[in-house]
J.: 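Can you read through this structure? Questions will come right after.
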Amino acid sequence: MPPTPKPGILEIAPYVPGRSTAPGVAKVFKLSSNESPLGPSPKVLAALDEAKPSLSLYPEGSARLLREELGRAFGLDPARIVTSGDGSDALLTLLANAHLRPGDEVIFSEHAFLVFKIATLANSAVPVMVPETRTNSVIKVDVDKMLAAVTPKTRMVYIANPNNPTGSYLTAEEMARLHAGLPDDVLLVVDAAYGEYVTARDYEAGMEMSVRFANVAMTRTFSKLYGLAGLRIGWMHASPAVCDAVNRIRGPFNTTLMQQLAGMAALKDRDHFWASVRHNNQWLPWITAEIRKTGLRVDDSAANFVLIHFPLGAEGAHGTKDEKSAAAADAYLMKHGVILRGVANYGLPDCLRMTVGTEEQNRLAVALIQQFMAA
Ligand SMILES: Cc1ncc(COP(=O)(O)O)c(C=O)c1O
């Protein structure tokens with residue numbers, strides 16, 4: 001008998017990253033992976049050079065200097081921070097690896113970030129996917145339904161706040177209500193990969209909750225606003241016990257010297273940080289408003305991307321519904337080199353997700369969507 005994977009693993013649909021090429025098109029505009037249009041801080045590039053003479057040496061295994069810098073930047077205890085050199089994705093997985101037993105239930109919402117399901121199934125645990133609420137301009141996690149799904153078998157709850165691909169967020173009050181309804185032995189993981197983009201005053205990234213409560217872990221990333229997706233630096237803040245568990249199972253040198261130095265430099269460049277925030281604040285509302293003018297539904301987003309709804313094409317029928325479907329829009333944009341993200345694997349076959357890009361990219365993508373809808 002050949003070796004067989006653990007139960008659950010073959011149920012995993014492998015994660016499909018955003019496309020980065022468009023067949024037959026020389027110049028592409030990649031708006032499919034929520035990357036930063038401003039790129040990294042120049043200070044990060046200088047920090048990478050600093051690492052070069054030491055590449056033959058193992059890095060400091062706990063990323064102490066980066067944790068201390070994170071502690072200073074966010075007012076947190078560095079001892080309660082764990083970093084990752086494989087993005088916050090890896091921390092979402094390590095939290096599951098450290099806490100799930102076969103048959104445990106893990107709650108997350110219907111259109112939640114796909115890594116939650118992968119981490120659950122990889123531990124032979126049971127995904128419990130809870131329907132979200134739809135209003136006119138948002139698809140959102142429903143706290144009451146999440147709490148109603150809790151059973152004695154529930155071991156973890158994942159929330160991406162804001163969520164990808166919906167762009168919606170839960171307020172601090174809603175998060176507090178969710179947490180208050182969970183048993184103490186259920187770990188609430190707040191994935192705030194897009195936390196830096198949120199301007200709403202009623203938002204809290206999960207930091208305060210992860211300071212106060214032993215059963216809350218917050219994960220963060222340098223991949224989005226800091227423009228470092230290629231360097232794969234993530235971090236989490238949690239109770240000493242949760243950090244201890246993750247530290248025992250992570251790779252002993254899981255954050256390279258380059259990653260540590262780059263993360264520290266990124267945190268120190270406040271001008272670059274605010275330039276990224278301002279860019280998003282300028283273009284996110286513009287993209288939303290311009291695409292809405294075509295009659296398409298664009299959901300309110302708190303992050304650096306928008307979810308665009310197209311008429312759902314009815315198979316076999318011919319009419320405007322088919323011609324204006326998400327798949328048809330995607331093909332039209334691809335022909336012109338503009339790559340958005342299809343989100344059928346998130347249960348949203350009628351939608352495309354568009355990342356806020358450079359001014360040139362935003363204007364081109366919006367003009368093409370307008371042309372597509374007018375044709
Ligand atoms: C909600 C959410 N969480 C986490 C991540 C992973 O980020 P990282 O690059 O830190 O692994 C992403 C990236 O797309 C995301 O959308």
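Order of appearance sets the numbers: ligands from 1, and atoms from 1 within every ligand. Index from 1, following the sequence. On a predicted model such as this, the values are computed, not experimentally measured, just so you know.
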J.: Do the charged groups of Asp144 and Arg177 touch, with an N to O distance under 4.0 Å?
T.: yes
J.: Do NZ/NE/NH1/NH2 and the carboxylate oxygens of Glu360 and Lys27 come within less than 4.0 Å?
T.: yes
J.: Starting from atom 7 (O) of ligand 1, locate the nearest protein heavy atom and write down its residue, its atom name and how far away it is, to 0.1 Å.
T.: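 Here the nearest protein heavy atom works out to Ser88 OG, 3.3 Å.
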J.: Which of the atoms of ligand 1 are close to Ser223, meaning less than 4.0 Å from one of its heavy atoms?
T.: 8 (P), 9 (O), 10 (O)
J.: What heavy-atom pair brings Thr166 and Leu307 nearest, and what distance separates the two atoms?
T.: CA-CD2, 4.1 Å
J.: Side chains of Leu95 and Met156: closer than 4.5 Å at any heavy-atom pair?
T.: yes
J.: Under 6.0 Å between the ring centres of Tyr194 and Phe305?
T.: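 Ring centroids of Tyr194 and Phe305 are less than 6.0 Å from each other.
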J.: Side chain, backbone, both or neither: which applies to Asp191 and ligand 1 if a contact is any heavy-atom pair less than 4.0 Å apart?
T.: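 It is the side chain that gets close, since no backbone atom is under 4.0 Å.
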J.: Which of the atoms of ligand 1 are close to Gly87, meaning less than 4.0 Å from one of its heavy atoms?
T.: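 Numbered from 1, ligand 1 contributes 8 (P), 10 (O), 11 (O).
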J.: N/O to N/O below 3.5 Å, does that happen between Asp86 and ligand 1?
T.: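 Min N/O separation from ligand 1 is not below 3.5 Å for Asp86.
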J.: With a 4.0 Å cut-off on N to O distance, would you call Asp49 and Lys52 a salt bridge?
T.: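 Salt bridge between Asp49 and Lys52, a charged N being under 4.0 Å from a carboxylate O: yes.
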J.: Please classify the Tyr194 to ligand 1 contact at 4.0 Å (heavy-atom distances, strictly less than): side chain, backbone, both or neither.
T.: side chain
J.: Starting from the C-alpha separation in whole Å, work towards a yes-or-no answer on salt bridge (Lys or Arg N to Asp or Glu O under 4.0 Å) for Arg155 and Asp185.
T.: CA-CA 7 Å; Arg155 192 63 40 230; Asp185 64 348; 3.4 Å; yes
J.: Test of understanding: clusters of I, L, V, M, F, W, Y form through side-chain heavy atoms closer than 4.5 Å, transitively. Do Ile12 and Val126 belong to the same one?
T.: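 No, separate clusters.
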J.: So which heavy atom on Phe113 is nearest to which on Asp191, and how close?
T.: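 Smallest interatomic distance, heavy atoms only, reads CD2-OD2, 3.8 Å.
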J.: If you measure from each heavy atom of Arg232 to ligand 1, is any distance below 4.0 Å?
T.: yes
J.: Counting non-hydrogen protein atoms only, what is the nearest one to atom 6 (C) of ligand 1? Give residue, atom name and distance.
T.: Asp89 OD1, 3.0 Å
J.: Below 4.0 angstrom from a heavy atom of Thr221, which ligand 1 atoms are there? Numbered from 1 as shown, please.
T.: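 Per the distance check, 8 (P), 9 (O), 10 (O).
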J.: Does Ala193 approach ligand 1 within less than 4.0 angstrom via side chain, backbone, both or neither, non-hydrogen atoms only?
T.: side chain
J.: How close does the nearest protein non-hydrogen atom get to atom 12 (C) of ligand 1, and which residue and atom is it?
T.: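 Answer, as residue, atom name and distance: Phe113 CZ, 3.4 Å.
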J.: Got an N/O contact under 3.5 Å between Lys224 and ligand 1?
T.: yes
J.: So is Asn34 polar-close to ligand 1, meaning N/O to N/O under 3.5 Å?
T.: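 So ligand 1 has no N or O lying under 3.5 Å from an N or O of Asn34.
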